[in-house]
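Below you'll find the structure, written out as structure tokens, and then a few comments.
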Amino acid sequence: MARAVTTQHKTIATAAAWIVALLIFFPILYTIITSFKSEQEAIQGFNLIPSGTFESYSEVQQQSGYFKFFFNSVLLSVGSTILALIVAIPAAWSMAFSPTKRTKDILMWMLSTKMMPAVAVLFPIYLIFRDSGLLDSRIGLTVMLMLINLPIVVWMLYTYFREIPGEILEAARMDGASLWNEIIYVLTPMAVPGIASTMLLNIILAWNEAFWTIRLTTTNAAPLTAFISSFSSPQGLFWAKLSAASTLAIAPILIMGWFSQKQLVRGLTFGAVK
């Protein structure tokens, strides 16, 4: 029997959840508030009341074309996600339905690559990009973002695929389905919630990636992370303009996350409750 939850416990849990959510969201909220201040107001100290000026947004747009960086961010995040899914779906299928004694070791090795500091491989990666002519290239950066997020994509898809009964795939094989037909027409439709949540998470990770995008690009392939960093100069940090640039950079991903939150939660909890 399920444990009865009193109204008092529900109220306390809801209040605690709101407090945690506000603490997490507060830096973003304060950044948005600061973006509507003048530079003089921004440097005066903590203040939650903006003056309502759009001066910083106007100066940001005049100094750097926002839409060029926005287009690069969309292209890089969506492109790297599509490439990651093309590679990860067959890989996760093989690990979930045709495992070997080395499958768990391979999964752990893939996950361990995410624990390595990115700066440890910066020099060789930079030399590879330079010698291959991929510096400041959308193609090179798309492949790079795909590779750094691929372990997470494979792990998530592997978890979702493990929840699908193997008997369904066996029935498809008995009906004469080939390997690719099995993956495309049987497995993939059944794992749509998991694939969708994986896709959304990978887009967010690629959109927010700053270390590689700043160091491997200059102008042509520079995304919104480079757009933000351009407002930090040796002359100082221009808080209002920096906040306006940050707001413009995070707004699309916040909107996407807001409208897709049900799908994201459904995918992340796929198979958790039977």
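We use all heavy atoms of the structure for the numbers below, so side chains are in, but hydrogens, waters and symmetry mates are not.
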Any side-chain heavy-atom pair of Thr103 and Thr100 under 4.5 Å: yes
Donor-acceptor pair, side chain of Ser58 and main chain of Glu55, under 3.5 angstrom: no
Nearest non-hydrogen partners of Ala88 and Val154, listed with the distance: CB-CG2, 3.7 Å
Interatomic spacing from CG in Leu205 to CD1 in Ile253 - rounded to 0.5 Å: 9.5 Å
Check against side chain to side chain contact (heavy atoms under 4.5 Å, CB included), Met144 and Thr213: CA-CA 9 Å; Met144 188 66 200; Thr213 55; over 6 Å; no
Just distance, no hydrogens or angles: give the donor-acceptor pairs under 3.5 Å from side chains in residues 243-250, sequence neighbours left out.
residue: Ser243; atom: OG; partner: Trp239; partner atom: O; Å: 2.8
residue: Ser246; atom: OG; partner: Leu242; partner atom: O; Å: 2.9
residue: Thr247; atom: OG1; partner: Ser243; partner atom: O; Å: 2.8

For Phe161 against Trp93, the heavy-atom pair lying closest together: CD1-N, 3.7 Å
Under 3.5 Å donor-acceptor, Gln8 side chain and Lys10 backbone: no
Distance-only side-chain donor-acceptor flag, Ser197 / Tyr160, under 3.5 Å: yes
Test item: Tyr126 and Asp131 side chains (from C-beta on) under 4.5 Å apart, heavy atoms: no
Any donor-acceptor N or O pair under 3.5 Å, side chains Arg138, Asn220: no
Shared hydrophobic cluster, Val143 / Leu135 (ILVMFWY, side-chain heavy atoms < 4.5 Å): no
Side chain proximity check, Lys114 to Trp155, heavy atoms < 4.5 angstrom: no
Hphob cluster co-occupancy, Val74 + Met199, side-chain heavy atoms under 4.5 angstrom: yes
Straight-line distance of Glu209 CD to Ile214 CD1, nearest 0.5 Å: 9.0 Å
Nearest-0.5 Å distance that lies between atom CG in Leu254 and atom CZ in Phe25: 6.0 Å
Minimum heavy-atom distance Met95-Tyr158, with the two atoms named: O-CE1, 3.5 Å
Neighbour count above 12 (heavy atom, 6.0 Å) for Ile12 CD1: yes
Residue pair Met146 / Ala84: nearest heavy atoms and the distance that separates them: CG-N, 3.4 Å
Phe227 vs Asn72 side-chain heavy atoms within contact, under 4.5 Å: no
Heavy atoms from other residues, nucleotides or ligands near NZ of Lys104 exceed 12 (cutoff 6.0 Å): no
Nearest-0.5 Å distance that lies between atom OG1 in Thr159 and atom CG in Leu107: 8.5 Å
Flag if over 12 foreign heavy atoms under 6.0 Å of CZ, Phe211: yes
Side-chain heavy-atom pair Thr142, Leu75 within 4.5 angstrom cut-off: no
Side-chain donor/acceptor of Asn202 to backbone N/O of Thr198, under 3.5 Å: no
Other ILVMFWY residues reachable from Leu127 by side-chain steps of under 4.5 Å: Phe123
Closest contact, heavy atoms only, Trp207 versus Thr225: O-CG2, 3.8 Å
Aromatic plane relationship, Phe70 with Phe67 - under 30° parallel, 30 to 60° tilted, over 60° perpendicular: perpendicular
Residue pairs, two or more places apart or on separate chains, that pass salt bridge (charged side-chain N to carboxylate O under 4.0 Å, His left out) and touch residues 57-72: Glu59-Lys241
Reported CG-to-OG1 distance for the pair Asn149 and Thr81, which is rounded to 0.5 angstrom: 7.5 Å
In one Ile/Leu/Val/Met/Phe/Trp/Tyr side-chain cluster, 4.5 Å: Ile89, Ile106: no
Hydrophobic cluster identity match, Ile86 and Leu150, side-chain contacts under 4.5 Å: no
Side chain Ser56, main chain Lys37, donor-acceptor under 3.5 Å: yes
Side-chain heavy atoms of Leu111 within contact of Pro151, under 4.5 Å: no
Whether over 12 other heavy atoms sit under 6.0 Å from Tyr30 OH: yes
Parallel, tilted or perpendicular, as decided by the 30° and 60° cut-offs, for the rings of Tyr57 and Phe36: tilted
Heavy-atom check, side chain of Ile203 versus side chain of Met256, under 4.5 Å: yes
Ile125 CD1 to Ile148 CD1 distance, which is reported to the nearest 0.5 Å: 10.0 Å
Any donor-acceptor N/O pair, Ser132 side chain to Leu134 backbone, under 3.5 Å: no
Contact check, side chains of Leu157 and Leu85, non-hydrogen atoms, under 4.5 Å: yes
Shortest non-hydrogen separation from Phe129 to Gly140 and the atoms involved: CZ-O, 3.4 Å
Asp136 versus Thr218, side-chain donor and acceptor atoms under 3.5 Å: yes
Same apolar cluster (I L V M F W Y, side chains within < 4.5 Å links), Ile152/Leu145: no
